[in-house]
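For reference, the structure discussed in these notes is given below.
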Amino acid sequence: TGTTRPQRLLRAVQERATRGDSESVIAAIDHFCRHQEWAMNVGDEKGFILDSVVSEVSPQTALELGTYCGYSTVRIARLLPPGGHLITLEFNPNYAAVARQVIAWAGLEDMVQVVEGASGDWIPHLREHFGIESFDFVFLDHWKELYLPDIKLLEECGLLRKGTVLLADNVVCPGTPDYLEYVRKSQSYESHYFGSHLEYTRAEDGLEKSVYLG
Ligand SMILES: Cc1cc(-c2n[nH]c(CCNC(=O)c3cc(-c4ccc(F)cc4)cc(O)c3O)n2)ccn1
Ligand SMILES: [Mg+2]
């Protein structure tokens, strides 16, 4: 038995970061992943692009698919405007448990709701359960084969509005070919690719930003 990688990542945060200081939480996770153990956080290089898109959108309502340990959750939540709220869906209960503690260590628990379960099961219930009309911003970072079915579901549930910004991680590595083809060809989206690298490595990866046109 022993500890899991997410538990070791959490311990690194609790040992190295200052409670309530989200920048120190981000730095502690990046240090752990660069010098101790690689983990599938969006990372500092792609994280900088994520920050710029979130700052530009300044969302009142944001959705993240795939919480993992809460690294990108903290990056997004720390940039939300007053009254802004982030819902993040996580399938794995062990990841969710660690993420809740990372988010709390950063002092951002009041802006974030971690929801456990499969994205396909939860998306149809977000409106009634959380009183959400539509999302201003969606970050896709969960199972790569779910990106396409899940944005189609978001469209069908009326959770996207004219101008909703979608930002997708890992469109090159591991890759989301069907999603990329769809958002780049569809008349309902205006897409742009931000080239970068797989977190903490030199491998190519990038983020795809797609604005929903309705
Ligand atoms: C609600 C809901 C949530 C989920 C869900 N929650 N959390 C996840 C994790 C998903 N993320 C990844 O798999 C991922 C993988 C790599 C990677 C791995 C190994 C390599 F060699 C190279 C790259 C890099 C990344 O940046 C990734 O994000 N899925 C699933 C279903 N429903
Ligand atoms: Mg990712």
Side-chain angles (χ1 to χ4, degrees), residues 4-10 26 29-30 32-34 36-54 62-77 86-103 112-127 129-130 132 135 137-154 157 159 166-180 183 193-210:
T4 65
R5 181 169 306 184
Q7 286 169 332
R8 294 192 292 273
L9 181 148
L10 172 61
I26 292 165
I29 295 172
D30 286 330
F32 174 80
C33 293
R34 219 174 262 291
Q36 260 83 43
E37 302 180 57
W38 186 91
M40 57 183 168
N41 316 117
V42 74
D44 47 356
E45 190 180 304
K46 289 186 289 178
F48 185 78
I49 300 165
L50 171 62
D51 289 357
S52 64
V53 174
V54 172
L63 173 66
E64 175 181 59
L65 302 176
T67 316
Y68 188 44
C69 293
Y71 174 87
S72 49
T73 319
V74 167
R75 288 200 81 114
I76 296 166
L86 170 62
I87 293 172
T88 181
L89 300 188
E90 178 46 63
F91 183 71
N92 181 315
N94 300 315
Y95 294 172
V98 165
R100 286 192 176 89
Q101 295 174 81
V102 167
I103 294 158
V112 177
Q113 190 105 31
V114 179
V115 178
E116 278 176 56
S119 48
D121 296 340
W122 263 104
I123 288 170
H125 300 287
L126 292 177
R127 174 173 287 112
H129 213 272
F130 297 101
I132 297 277
F135 288 107
F137 178 75
V138 181
F139 183 53
L140 297 100
D141 194 21
H142 60 333
W143 287 340
K144 308 315 159 191
E145 65 276 13
L146 292 181
Y147 283 24
L148 182 53
D150 283 350
I151 66 159
K152 288 184 172 176
L153 189 54
L154 285 166
C157 296
L159 287 167
L166 309 179
L167 190 65
D169 189 26
N170 309 120
V171 296
V172 170
C173 177
T176 62
D178 58 345
Y179 172 83
L180 271 192
V183 293
Y193 175 68
F194 293 87
S196 184
H197 297 91
L198 178 68
E199 49 268 27
Y200 318 113
T201 78
R202 303 160 72 96
E204 186 190 351
D205 191 18
L207 301 168
E208 186 84 359
K209 174 189 173 187
S210 305

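As a basis for the values below, the full set of heavy atoms in this structure was taken, side chains included, without hydrogen atoms, waters or symmetry mates. Indexing begins at 1, ligand by ligand and atom by atom, following the structure's order.
Closest to atom 1 (C) of ligand 1 by heavy atom, among G66, G117, A96, is G117. When the options S119, A99, A39 are ranked by their closest heavy atom to atom 32 (N) of ligand 1, first place goes to S119.
If you look at N41 next to ligand 1, there are no close heavy atoms at all, none under 4.0 Å. Counting heavy atoms under 4.0 Å from ligand 1, residue L146 touches it through the side chain alone.
Using a 4.0 Å threshold on non-hydrogen atoms, atom 21 (F) of ligand 1 does not count as touching the protein.
At least one side-chain heavy atom of E199 sits under 4.5 Å from a side-chain heavy atom of N170.
Judged by distance alone, the side chain of W143 and the main-chain N or O of G66 form no donor-acceptor pair under 3.5 Å. One N or O on the side chain of D205 and one on the backbone of V172 form a donor-acceptor pair closer than 3.5 Å. When atom types are taken as modelled, the side chain of Q101 and the backbone of L10 share no donor-acceptor pair closer than 3.5 angstrom. Side chain of Y147 to backbone of L140: a donor-acceptor contact under 3.5 angstrom is found.
Ligand 1 has a nitrogen or oxygen under 3.5 angstrom from a nitrogen or oxygen of E90. Taking any N or O of Y95, backbone or side chain, none lies under 3.5 Å from an N or O belonging to ligand 1. Where the criterion is an N or O separation shorter than 3.5 Å, residue side chain and backbone included, D169 meets it with respect to ligand 1. Between Y68 and ligand 1, no pair of N/O atoms sits closer than 3.5 Å.
In this structure, L198 counts as a contact residue of ligand 1, since one of its heavy atoms falls inside 4.0 Å of the ligand. For D141, the closest heavy-atom approach to ligand 1 falls below 4.0 Å. Residue contact check for ligand 1: G120 places no non-hydrogen atom closer than 4.0 Å to it.
The protein heavy-atom contact nearest to atom 3 (C) of ligand 1 is F91 N, 3.5 Å. Scanning the protein heavy atoms around atom 15 (C) of ligand 1, the nearest turns out to be M40 SD, 3.7 Å. For atom 8 (C) of ligand 1, the closest heavy atom belonging to the protein is H142 CA, 4.1 Å. Distance from atom 30 (C) of ligand 1 to its nearest protein heavy atom, with residue and atom name: W143 CD2, 3.2 Å. Scanning all protein heavy atoms for the shortest distance to atom 27 (C) of ligand 1 gives N170 OD1, 3.3 Å.
Evaluation of the salt bridge (Lys or Arg N to Asp or Glu O under 4.0 Å) test over residues 166-178, restricted to residues two or more places apart or in two chains, returns K46-D169.
Between R75 and E64, none of the side-chain N atoms (NZ, or NE/NH1/NH2) sits under 4.0 Å from a carboxylate O, so this pair counts as no salt bridge.
Minimum heavy-atom separation, Y71 to D44: OH-N, 3.4 Å.
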How far apart are the C-alpha atoms of E37 and R8, what are their side-chain angles, what is the distance that settles it, and do they pass the side-chain contact (heavy atoms from CB on, under 4.5 Å) test?
CA-CA 9 Å; E37 302 180 57; R8 294 192 292 273; 2.5 Å; yes
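Taking every heavy atom of E199 and a limit of under 4.0 angstrom, the matching atoms of ligand 1 come to 24 (C), 25 (C), 26 (O).
Protein N/O/S atoms found under 2.8 Å from the Mg ion (ligand 2), listed by chain and residue number: D141 OD1, D169 OD2, N170 OD1.
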